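Just so it is clear, the model here is predicted, and its values are computed rather than measured.
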Amino acid sequence: MTAPVITEVLPSDGPFCESSFRISFYLPKVNQANPPPAEGLHIQKWKSTYLAVRQFSGFVTDYNVGVEAAALEASLADTVWSAAIKKSQKDETTSVYLVAQYNSPFEFSGRVNEIWMLVDLEDELLPV
């Protein structure tokens with residue numbers, strides 16, 4: 001099993017629509033140059049990316065993902081980071097948040113999960 005397993009959450013627009021989910025698996029560096037083929041799957045390469053991250057424990061559920069995403073967003077409210085996150089979400093196909101899970105489903109204690117929000121940094125926000 002690779003870690004993290006990343007679930008991209010694409011919320012719906014309507015009150016009766018369900019969110020869409022895209023699951024991604026990390027490909028170890030040894031396989032990145034020549035990834036094994038898999039029917040129905042495609043390779044997604046990420047460039048360097050900035051993220052706002054909130055870590056939480058336990059099993060991931062619809063409820064606690066919503067709570068943790070809201071807590072991350074609230075912790076960044078009225079900061080330059082909030083504006084940078086909103087800027088990264090300008091594209092309609094961009095997720096509001098991602099969920100990273102680091103443990104096997106068969107591990108019951110010491111679980112580590114994260115909520116990620118993409119941050120579109122301007123040069124003036126980068127540390128010197």
Please determine whether side chain to side chain contact (heavy atoms under 4.5 Å, CB included) holds for the pair T7 and R22, giving the CA-CA distance in whole Å, both sets of side-chain angles, and the decisive distance to 0.1 Å.
CA-CA 6 Å; T7 304; R22 185 177 318 154; over 6 Å; no
Is it the case that the side chains of Y97 and E73 hold a donor-acceptor pair, with the cut-off being a distance below 3.5 Å and no angle test?
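Absent: no donor and acceptor within the cut-off.
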Reported [atom1]-to-[atom2] distance for the pair [X] and [Y], which is rounded to 0.5 angstrom:
X    : Y    : atom1 : atom2 : value
L72  : F56  : CG    : CZ    : 10.5 Å
E114 : Q55  : CD    : CD    : 5.5 Å
L51  : W116 : CG    : CH2   : 6.0 Å

Pi-cation contact, Y102 with R111 (under 6.0 Å, within 45°):
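Relative to the ring axis of Y102, which defines the angle, R111 lies outside at least one limit.
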Contact check, side chains of [X] and [Y], non-hydrogen atoms, under 4.5 Å:
X   : Y    : value
I6  : I23  : no
W81 : V119 : yes
I43 : K45  : yes
Y26 : Q32  : yes
V53 : I115 : no

What verdict does the side chain to side chain contact (heavy atoms under 4.5 Å, CB included) test give for N103 and V112, after you've listed the backbone C-alpha separation in whole Å, the side-chain angles of each residue and the deciding distance to 0.1 Å?
CA-CA 7 Å; N103 301 84; V112 177; 4.0 Å; yes
Tell me whether the count of non-hydrogen atoms from other residues, nucleotides or ligands lying under 6.0 Å of CG in D62 goes above 12.
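Result for CG/D62: open.
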N/O donor-acceptor pair under 3.5 Å between Q44 side chain and S24 backbone
no
Establish whether L27 and V5 are linked, either directly or via other cluster members, by ILVMFWY side-chain heavy-atom contacts under 4.5 Å.
no
If you take all heavy atoms of N113 and S57, which pair is closest and at what distance?
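Shortest heavy-atom separation between N113 and S57 comes out as ND2-C, 3.8 Å.
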